[in-house]
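One structure below.
All chains are named by letter (A, B, ...) in the order of the sequence lines, taking the proteins before the strands, and each is independently numbered beginning at 1. All values derive from a computational prediction rather than experimental measurement.
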Amino acid sequence: MYKAPRGTSDILPEDQPYFIYIQDRAAYYAQLYGYKPIETPVFEDVGLFIRSVGEETDIVDKEMYVFDDKGNSTLALKPEGTAPVCRAYIEHGMQNLVQPVKLSYFASLFRYERPQAGRFRQHHQFGAEAIGDSDPALDAELIDMIWNFITGLGLTSIVLYINSIGCPQCRPAYLEKLKNYYLDKTDVMCGDCKTRLDKNPLRLLDCKKESCSALVDQAPKSSQNLCPECADHYDSLKTYLNLLAIPYTENPTLVRGLDYYTKTVFEIQPRDETGAQVAIAGGGRYDGLIEILGGKPTPAIGFGSGMERMVLNLKKQSVAIPTPAPPKVFVAYLGSQAKQKAMGICRDLRKNGIASMQSLSDKSMKAQLKQAGKSGATYTIIIGEDELKTGSVTLRDMSEGNQQSLSINEIVTILKHK
RNA sequence: GUGGGCGUAGCCUAGUGGUUAAGGCGCCAGGUUGUGGCCCUGGAGAUCGGGGGUUCAAAUCCCCUCGCUCACCCCA
C-alpha cells in the first residue's frame with residue numbers, strides 16, 4: 001500500500017474549507033495593502049538558498065530536498081519563500097518600478113525534518129515581501145497587515161512579538177559581547193548551548209531549558225546594543241505601531257533562524273502555548289539580501305505565515321468558517337427514459353447556474369432519496385413513469401418533506417427564483 | 001539526528017495466552033412493487049502494521065523492523 005510520504009498529507013475535502021477561507025482572507029488583505037501576487041517555481045538553483053538563507057543554518061545544512069536533474073543542474077525544492085521572490089525581483093528588473101515593490105504569494109515549502117504537531121515536510125505559506133524601502137513605516141504597515149489578517153480570521157489570544165537584531169554595523173560588536181558573556185559560563189550551559197556559542201550565538205537567547213533561562217535573563221540584549229541608525233529605526237517602528245494601535249510585546253530573546261535578517265524581526269504566536277512550534281507567522285527586515293543575490297543594495301522586509309498552523313489554531317479555537325454550499329437540487333429518476341430526461345434537466349439547471357446532482361446508476365428511489373439527503377440538496381426533483389406521462393416532475397422540499405407536481409418545462413425557471 | 005507514547009475493518013473502540021477476533025459510527029441491501037432523515041433486520045468489510053521467535057496454542061509474551069504521534073534540535 002502506498003501512503004503519502006512522511007511529513008506530507010492529503011488535504012481532504014473536509015479540510016479544504018479552512019484552506020480556502022485562509023487563502024480568501026489572505027488575498028483580500030494583500031490586495032487591501034497594495035501587494036500584488038507573484039508565483040515562483042517549486043524548485044530553484046540550490047545556490048540561491050545557500051547564499052541567502054545561510055550555509056550554517058539548519059534549513060540549508062540538513063533540511064533541503066536537493067536533487068540533480070538530467071541537465072546536471074543542482075536544484076532544491078524551495079524551503080522558504082523570500083529568496084525566490086528576491087531572485088525574481090532582480091531577474092525582472094523590478095528596481096525600475098516605483099519602490100517599494102510589494103509582492104505576495106502562496107507557496108508549498110519543503111523541509112526534511114521530523115514531523116510533529118504543526119510541522120511538516122511539505123507545508124503551505126502565505127507570504128509577502130516589500131522590497132526597496134528602508135523606512136520603518138513600511139515595517140509597521142507590513143506588521144499591520146499580517147496582524148489584521150490573522151486576527152481577522154477570527155483567531156483570538158494571539159500575541160505579536162517584536163525585536164531588533166541590528167545590522168552589519170552593530171551586530172558584530174554585540175555578538176562579541178554576547179559570546180564574552182557566555183564564555184566563562186560553559187560549565188553551567190546545556191550541551192546545545194555550547195554548540196550554539198560556537199555556531200550561532202544569537203540562538204543562545206531562545207534556549208528553552210530551565211537551566212539556561214537564568215543565563216538568558218542576564219545576557220546582553222541586541223535591542224540595547226544597536227547602532228544609532230538601528231536604534232532610531234526600532235524606536236520609530238514602535239511609535240508607528242502605537243499609532244496604528246497594534247498591540248505588540250517586545251521580546252529581546254526573539255531571534256530568527258535565517259542569516260539574512262537585519263533590524264526588525266517579529267513573530268505572531270498563540271498566547272499561553274506551552275509547545276514550541278507555535279509561531280503562526282514570522283518575518284523581518286533583510287536589507288542586505290538583494291545585494292547578496294547580485295542586485296543593487298536594496299532594503300526590504302517580509303513575512304511568512306503557516307497555513308497549516310492557522311488551521312490548527314482555527315480548529316483549536318473552534319472558529320466558525322464558511323462552509324461550501326451544498327447542491328440546490330438533486331435529480332432522482334426511475335427508468336431509462338426518465339434517466340434521459342433527468343440528465344437533460346441537470347444540464348439545464350447547471351446552464352442556469354443552479355448547482356445540481358443526480359444519481360447515474362439506476363439505483364432504487366429509496367437509495368436516491370437517501371443520497372439526496374446526504375448531499376444536502378435543498379430540493380429533489382423526481383421523475384418516473386407517472387411524470388413522463390404527464391410531462392411533469394415532482395419537486396420535493398427536503399427539509400419540509402412535502403412535494404408538488406410541476407411542469408417539466410417550467411422547472412428550471414421556477415427553481416431559478418426559489 | 002535524539003528521546004517518549006501508540007499501531008485491532010474507512011473511522012472510533014473492546015479483547016492482555018485458549019473455539020469461527022466483538023461492538024459502535026459509516027457503507028450496501030431489505031422491511032416500503034416510486035420516496036431520505038427515526039426505527040428494525042441482514043450483508044460486505046480485519047493477512048489484529050510487517051517479519052522472526054517462545055508455546056500444544058499468540059491480537060495478547062520476547063526480539064527485530066516499518067509506520068503514526070508527541071517532544072528536542074530547528075522552524076511557518
Side-chain angles (χ1 to χ4, degrees), chain A residues 1-9 12 14 22 53-54 56-63 79-82 106-127 146 150 190-193 195-196 199-200 202-203 206-209 255-258 266-270 274-283 302-313 330 332-335 338 359 361-377 379-388 393-403:
Chain A
M1 273 286 263
Y2 289 110
K3 302 170 75 173
R6 176 168 227 189
T8 69
S9 55
L12 297 171
E14 53 263 39
I22 292 165
V53 175
E56 292 298 309
T57 59
D58 277 17
I59 287 182
V60 164
D61 193 39
K62 57 181 202 190
E63 294 179 357
E80 63 101 35
T82 299
F106 295 98
S108 280
L109 302 180
F110 304 85
R111 293 178 202 166
Y112 186 86
E113 40 189 356
R114 288 279 290 266
Q116 65 185 76
R119 192 225 271 164
F120 311 95
R121 289 186 174 176
Q122 176 181 13
H123 78 279
H124 301 82
Q125 283 191 16
F126 165 63
I146 179 71
I150 287 178
C190 70
D192 285 331
C193 278
T195 318
R196 289 177 178 122
K199 198 178 148 191
N200 193 348
L202 269 186
R203 285 249 152 261
D206 68 350
C207 183
K208 290 160 207 94
K209 290 216 172 54
V255 297
R256 304 275 308 153
L258 286 57
F266 61 91
E267 269 183 20
I268 289 180
Q269 300 182 8
T274 45
Q277 29 292 100
V278 291
I280 295 173
F303 76 88
S305 58
M307 306 215 330
E308 281 82 357
R309 289 187 183 176
M310 289 185 240
V311 172
L312 204 66
N313 284 285
F330 188 96
Y333 67 88
L334 282 174
S359 70
S361 51
D362 306 347
K363 294 181 188 173
S364 69
M365 185 51 59
K366 178 175 176 167
Q368 294 184 71
L369 262 296
K370 194 172 178 178
Q371 188 183 351
K374 282 269 152 67
S375 78
Y379 300 102
T380 297
I381 289 174
I382 297 166
I383 177 163
E385 283 180 25
D386 297 346
E387 288 83 356
L388 279 178
V393 298
T394 298
L395 183 70
R396 180 178 181 82
D397 182 313
M398 294 304 281
S399 54
E400 300 299 321
N402 54 32
Q403 47 193 51

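Distance CZ (A/F120) to P (B/A71): 11 Å, rounded to an integer number of Å. At whole-Å resolution of the value, OH in A/Y112 and P in B/C74 are 19 Å apart. Rounded to whole Å, atom P of B/G10 lies 16 Å from atom CD of A/E14. Atom pair A/D362:CG and B/G34:C1' shows a separation of 14 Å (rounding to whole Å applied). Put simply, CD1 on A/I381 is 16 Å from C1' on B/G34, counting in whole angstrom units. Following rounding to the nearest Å, A/F330 (CZ) and B/U35 (C1') show an atom-to-atom distance of 12 Å. Taking atom CZ on A/R111 and atom C1' on B/A76, their separation rounds to 6 Å, with Å as the unit. Across the protein-nucleic acid pair, A/M365 atom CE and B/G36 atom P stand 10 Å apart, rounded to whole Å.
To the nearest 0.5 Å, atoms OG1 (A/T8) and NZ (A/K3) are separated by 11.0 Å.
Counting non-hydrogen atoms under 4.0 angstrom, A/A281 reaches the backbone sugars and phosphates but no base. Looking at heavy-atom distances under 4.0 Å, A/R196 makes contact with sugar-phosphate atoms alone, never a base. Within the nucleic acid shown, A/Q122 has no heavy atom closer than 4.0 Å to any nucleic acid atom. Note on A/G401: a base of the nucleic acid sits closer than 4.0 angstrom, heavy atoms only. Within the 4.0 angstrom heavy-atom criterion, no nucleotide atom of any strand lies near A/M307. Within 4.0 Å (heavy atoms only), A/I382 reaches at least one base atom of the nucleic acid. Among the atoms of the strands shown, none is found under 4.0 Å from any heavy atom of A/T57.
For A/D58, taking side-chain heavy atoms from C-beta onward, the closest of the listed nucleotides B/C74, B/A76, B/U35 is B/C74. Among the nucleotides B/G36, B/U2, B/G34, the one closest to the side chain of A/L369 is B/G36. Looking at the side chain of A/A117, the nearest of the listed nucleotides B/A71, B/C72, B/G36 is B/A71. The side chain of A/T394 lies closest to B/G34 when the candidates are B/C72, B/G34, B/A76. Comparing B/C70, B/G34, B/C27 by their closest approach to the side chain of A/K374 singles out B/C27. Nearest to the side chain of A/R396, among B/U35, B/A71, B/G34, sits B/U35.
Nucleotide B/G26: unpaired (no Watson-Crick or G-U wobble partner with both distances less than 3.5 Å). For B/G3, the paired base is B/C70 (Watson-Crick or G-U wobble, both distances below 3.5 Å).
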Evaluate the side chain to side chain contact (heavy atoms under 4.5 Å, CB included) criterion for residues A/L12 and A/E14: first the C-alpha distance (whole Å), next the side-chain angles of each, then the deciding distance (0.1 Å), finally the verdict. CA-CA 5 Å; A/L12 297 171; A/E14 53 263 39; 3.8 Å; yes
Show the numbers, then the answer: is there a side-chain hydrogen bond (donor to acceptor under 3.5 Å, both in side chains) between A/Q403 and A/T394? CA-CA 7 Å; A/Q403 47 193 51; A/T394 298; 5.2 Å; no
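Taking atom P in both B/A44 and B/C38, one finds a spacing of 24 Å when rounded to whole Å. Taking the P atom of each, B/U47 and B/U60 are spaced 15 Å apart, rounded to whole Å. Nucleotides B/U35 and B/G49, compared at atom P, are 44 Å apart to the nearest Å. Across the C1' atoms, B/A59 and B/U20 are found 15 Å apart, a figure rounded to whole Å. B/U19 and B/U33: their C1' atoms are spaced 45 Å apart (whole Å). Atom C1' of B/A29 sits at a distance of 24 Å from the matching atom of B/C12, rounded to the whole Å.
Residues A/K62 and A/E113 are not paired through a salt bridge, judged by the lack of any N-O separation under 4.0 Å between the basic side chain and the carboxylate. For the pair A/R196 and A/D206, the salt-bridge criterion is not met [side-chain N within less than 4.0 Å of a carboxylate O].
Listed for the A/E385 side chain is no donor-acceptor partner under 3.5 Å among the backbone atoms of A/L334. With hydrogens and angles disregarded, a donor-acceptor distance shorter than 3.5 Å links the side chain of A/Y333 to the backbone of A/D362. At distances below 3.5 Å, not a single donor-acceptor pair connects side-chain atoms of A/R396 with backbone N or O atoms of A/T380.
In terms of position on RNA chain B, the residue among A/P5 and A/H123 whose nearest nucleotide sits closer to the 5' end is A/P5. Closest-nucleotide positions on RNA chain B for A/K62 and A/Q125 were compared, and the one nearer the 5' end corresponds to A/K62.
Under the ring pair (Phe, Tyr, Trp, His ring centres under 6.0 Å) criterion, A/F120 pairs with no residue at all, not counting sequence neighbours.
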Would you tabulate the pairs of protein nitrogen or oxygen atoms and nucleotide nitrogen or oxygen atoms of nucleotides 28-31 of chain B closer than 3.5 angstrom?
from, atom 1, to, atom 2, distance (Å)
B/G31, N7, A/K366, NZ, 3.1
B/G31, O6, A/K366, NZ, 3.3

Check nucleotides 64-67 of chain B against the protein and report each pair of N or O atoms closer than 3.5 Å, with its distance, or say if there are none.
from, atom 1, to, atom 2, distance (Å)
B/G67, O2', A/K3, NZ, 2.8

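In the interface, the side chain of A/Q403 is paired with the base of B/U35 through a donor and an acceptor atom under 3.5 Å apart. Between the side chain of A/E63 and the base of B/G1, no donor-acceptor pair of N or O atoms lies under 3.5 Å.
For the pair A/R121 and A/E63, the minimum side-chain heavy-atom distance is 4.5 Å or more. Taking the side chain as every heavy atom from C-beta outward, A/F330 and A/I381 never approach each other to under 4.5 Å.
Relative ring orientation between A/F303 and A/F126 is described as perpendicular, the plane-to-plane angle rising above 60° on a 0-90° scale split at 30° and 60°.
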